[in-house]
Amino acid sequence: MREAIHHLEASKIREVANAGMGRDDVLAFWFGESDEVTPEVIRQAAIESLQRGETFYAHNLGLPELREAIARYTSRLHPAVDASRIAVTSGGVSALMLAVQALVDAGDDVVAVTPVWPNLTAQPAIMGAQVRTVPLVPVNGQWTLDLPALRAAVTPKTKLLIVNAPNNPTGWTMTRDEQQAVLDHCRETGTWILADEVYERLYFEPTPNGCAPSFLDISTPDDRLVVTHSFSKSFLMTGWRLGWLVLPPAMVDGIGKLIEFNTSCASVFTQRAAIAALEHTADITPRVVAHLKQCRDTLVPLLAAVPGVQVAPAKGGMYAFFRLEGFGDSLELAKRLVAEAGLGLAPGNAFAPEAQGWLRWCFASKDPQRLVQGVERLRGWLAKQAR
């Protein structure tokens, strides 16, 4: 086995979840998904596709009608994007991996902004790249970008910069000025940007387009920029495994080849479901965002009132990322909370060493009362530790 694979670190989130799965008494908030089922109109489109017998291979880059629908959807939110720049993938994680496979050679210098979902740093490591990180800086529970440090880290030797904003786990979101500064710098150094913007619609600040700032708003089609998206979060479709890439025109054919050698294509019935999701986005996504904001505004004040907790409301995403004073190893803490409090959270050090002592709480709960119950369990457990 290749050394890069041998040295891959197992998911700490999975390690915690595996300790609690199958227990009915555990309130699980460890994974980044809602417990609400995919809307019926989306499920029905998939059912009808299957009933028509659409069980065969599709185009590597996706159904033409889905690529057109994604282009229209994207163009309503950002400057116009042509369907020829869209590649449909078998999940957002596949989109990210395809981009890394296309851009990164063994030994390349890759920089990532962290804390971040561990897949984003593992994927270039799998390709044999040298991955360096630029940590966000927590200020009163709110994580911020050290822009001078990022500029210093990205040099002409840097092949790829990976940025996830709105960010999993911290909720950090880039400002337009930060994006422009990063794009300008990467143009000077010749560095590619891989922008993971899957949470762009899950944004709680008022904006004209209802989205977080996007690199698509300030870039040109020929910039060294790849943007990844997913149907998972904004359309409650995590298990469907469907995403997409917005690519420079010159990359499209190569990505099509890579899709052939990775997954061949996305299944037709899931793509039909995605078309229905986009057709009904005005009914689905605003409701999802409004509910998530309610969940955030339920959980964060309750957490902030717990002695020893440091937390700030996230501007985007679906997570409360908080520090619990007096505890060191986040993984050990998360395991104890599962075993002793019936509370399932993700350990902060799963996302970066600098997040040791932090915990991620996914607040995407169909019933916000579960969040209240979870805080009560945390309070009760902490009270026992203080005795």
By the salt bridge (charged side-chain N to carboxylate O under 4.0 Å, His left out) test, which pairs, at least two apart or in different chains, include something from [range]?
{"range": "residues 28-38", "value": "D35-R370, E36-R287"}
{"range": "residues 332-343", "value": "E15-K335, R336-E340"}
{"range": "residues 187-197", "value": "D184-R187, R187-D223"}

Is there any ring pair (Phe, Tyr, Trp, His ring centres under 6.0 Å) pair reaching into residues 105-126, and which pairs are they, with sequence neighbours excluded?
->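 Qualifying pairs, neighbours excluded: none.
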Selection residues 33-70 - residue pairs positive for ring pair (Phe, Tyr, Trp, His ring centres under 6.0 Å), sequence neighbours left out = none
Listed by chain and number, what are the side chain to side chain donor-acceptor pair (under 3.5 Å) partners of R132, not counting sequence neighbours?
->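 Listed in chain order: D109.
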R296 meets the salt bridge (Lys or Arg N to Asp or Glu O under 4.0 Å) criterion, sequence neighbours left out, with none
Mind checking what makes salt bridge (Lys or Arg N to Asp or Glu O under 4.0 Å) contact with D25, not counting sequence neighbours?
->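 Expected list: R23.
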State which residues pass side chain to side chain contact (heavy atoms under 4.5 Å, CB included) with [X]; sequence neighbours excluded, sorted by chain then number.
{"X": "E68", "result": "R72, A83"}
{"X": "D283", "result": "H280"}
{"X": "S84", "result": "D82"}

Please list, one pair per line, the donor and acceptor atoms closer than 3.5 Å that link side chains of residues 352-363 to other protein atoms, with sequence neighbours excluded.
{"unit_1": "E354", "atom_1": "OE2", "unit_2": "T114", "atom_2": "OG1", "d": "2.5"}
{"unit_1": "Q356", "atom_1": "OE1", "unit_2": "S330", "atom_2": "N", "d": "2.6"}
{"unit_1": "Q356", "atom_1": "OE1", "unit_2": "S330", "atom_2": "OG", "d": "3.2"}
{"unit_1": "Q356", "atom_1": "OE1", "unit_2": "N349", "atom_2": "ND2", "d": "3.4"}
{"unit_1": "R360", "atom_1": "NH1", "unit_2": "N168", "atom_2": "OD1", "d": "2.8"}
{"unit_1": "R360", "atom_1": "NH2", "unit_2": "W30", "atom_2": "O", "d": "2.6"}

